[in-house]
J.: 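Structure below; questions to follow.
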Amino acid sequence: MKGTIGFGYNEKVKRTPPALLKQLEGVASSTITDAQRRTGTMHPRIKPIAKGSRIVGNALTVELPPGDNFMLYVALKLAEPGDILVVTTQGNQTKAVWGELMTQSAQALRLGGIVIDGFIRDKTANQERDLPIFCQGTVPVSVEKNGPGFVNGEISCGDVTVRPGDVIVGDDDGIVVIKQENVAAVIEQLGAIEKREEQRVAEIAAGQVLPAWVEDKMKEVDLVTGKRVLE
Ligand SMILES: O=C([O-])CC(=O)C(=O)O
Ligand SMILES: [Mg+2]
């Protein structure tokens with residue numbers, strides 16, 4: 001660690017290998033949460049600023065104090081191509097910690113995207129650029145650039161714990177975090193989940209409009225005979 005408690009950074013991040021990330025390309029965030037038993041999903045206050053945004057990559061975490069974004073510039077210095085900046089602003093809803101110039105820097109560094117549990121500015125200019133940005137919303141006023149803050153520590157973003165090197169998957173539905181130690185196990189389940197969905201599509205097309213389990217569940221809870229009514 002460089003710096004001090006609450007004002008510094010960890011240089012060494014164990015990232016999830018590219019071969020695993022590749023297998024998550026094109027996989028919907030909803031499929032990932034299915035594979036994780038509905039865990040790891042960020043609060044929907046964090047939304048894409050542009051339709052069709054899609055990210056898969058390693059988290060580079062940033063903890064900002066309310067009203068300052070100095071450590072975001074330090075994060076840009078530490079970032080590698082493909083990294084996703086995952087940023088907490090400790091509940092600040094009145095000031096923007098990110099803007100178009102920072103987007104240009106991030107694009108020059110070939111980052112994968114930005115996830116901010118907070119606000120940005122320069123909305124239209126950011127929407128017109130190709131970098132996927134997820135945040136709570138926009139506000140015109142900026143922040144100080146003095147610190148403190150911390151890069152590459154454990155943070156809470158969108159009410160989910162994120163560690164550097166965890167995998168972030170985001171699309172129009174929202175953001176899901178895969179803990180680094182779970183990535184391989186999640187990937188293992190994708191085939192079965194996708195096959196189930198394809199099967200249902202075929203069943204619906206063939207006239208079986210509802211899944212078979214609906215009938216079974218109705219019997220199980222006694223809806224069929226109505227015996228569940230209080231006597
Ligand atoms: O100045 C800032 O804090 C953010 C900003 O507007 C930009 O990067 O364009
Ligand atoms: Mg600006």
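Ligands are counted one by one from 1 in listed order, and the atoms in each one are counted from 1 as well. Quick caveat, the model's predicted, so the values are computed rather than measured. Just so it is clear, the values below take in all heavy atoms, side chains as well, and ignore hydrogens, waters and symmetry mates.
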J.: Any atom of ligand 1 sitting under 4.0 Å from a heavy atom of N69?
T.: yes
J.: Side chains of Q199 and E203 only: does a donor on one sit below 3.5 Å from an acceptor on the other?
T.: no
J.: For the pair N10 (side chain) and N152 (backbone), establish whether a donor and an acceptor sit closer than 3.5 Å, ignoring hydrogens and angles.
T.: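 Confirmed, N10 side chain pairs with N152 backbone.
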J.: Does D122 put an N, O or S atom under 2.8 Å from the Mg ion (ligand 2)?
T.: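 Yes.
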J.: Does any N or O atom in A96 lie less than 3.5 angstrom from one in ligand 1, N or O only?
T.: no
J.: Run the numbers on T94 and N92 for side chain to side chain donor-acceptor pair (under 3.5 Å), then give the verdict.
T.: CA-CA 6 Å; T94 57; N92 186 358; 3.2 Å; yes
J.: Determine whether any heavy atom of Q104 lies closer than 4.0 Å to an atom of ligand 1.
T.: no
J.: At less than 4.0 angstrom from any non-hydrogen atom of E100, what atoms of ligand 1 do you find?
T.: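 Under 4.0 Å from E100, ligand 1 has these atoms: 7 (C), 9 (O).
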J.: Counting distance only, does the side-chain N/O of R54 pair as donor-acceptor with the main-chain N or O of V27 below 3.5 Å?
T.: yes
J.: For ligand 1, which atoms have a heavy atom of L101 less than 4.0 angstrom away?
T.: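 So the atoms of ligand 1 that pass are 7 (C), 8 (O), 9 (O).
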J.: Return the closest protein heavy atom for atom 1 (O) of ligand 1 as residue, atom name and distance.
T.: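 Scanning the protein heavy atoms, the shortest distance from atom 1 (O) of ligand 1 goes to R121 NH2, 3.3 Å.
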J.: I need the single residue from K123, R129, R121 that forms a salt bridge (charged side-chain N to carboxylate O under 4.0 Å, His left out) with E100. Which is it?
T.: R129
J.: Could you tell me which atoms of ligand 1, counted from 1 in the order shown, lie closer than 4.0 angstrom to a heavy atom of D122?
T.: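 Reading through ligand 1 atom by atom, the close ones are 5 (C), 6 (O), 7 (C), 9 (O).
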J.: Among all protein heavy atoms, pick the one closest to atom 2 (C) of ligand 1 and tell me residue, atom and distance.
T.: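 Sorting protein heavy atoms by distance from atom 2 (C) of ligand 1 puts K145 NZ, 3.5 Å first.
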J.: By the definition side chain to side chain contact (heavy atoms under 4.5 Å, CB included), identify the one residue from V13, L85, L78 that meets it with V151.
T.: L78
J.: Any donor-acceptor pair under 3.5 Å linking the side chain of Q36 with the backbone of V177?
T.: yes
J.: Tell me, which protein residue and heavy-atom name are nearest atom 4 (C) of ligand 1, and how many Å apart are they?
T.: G99 N, 3.7 Å
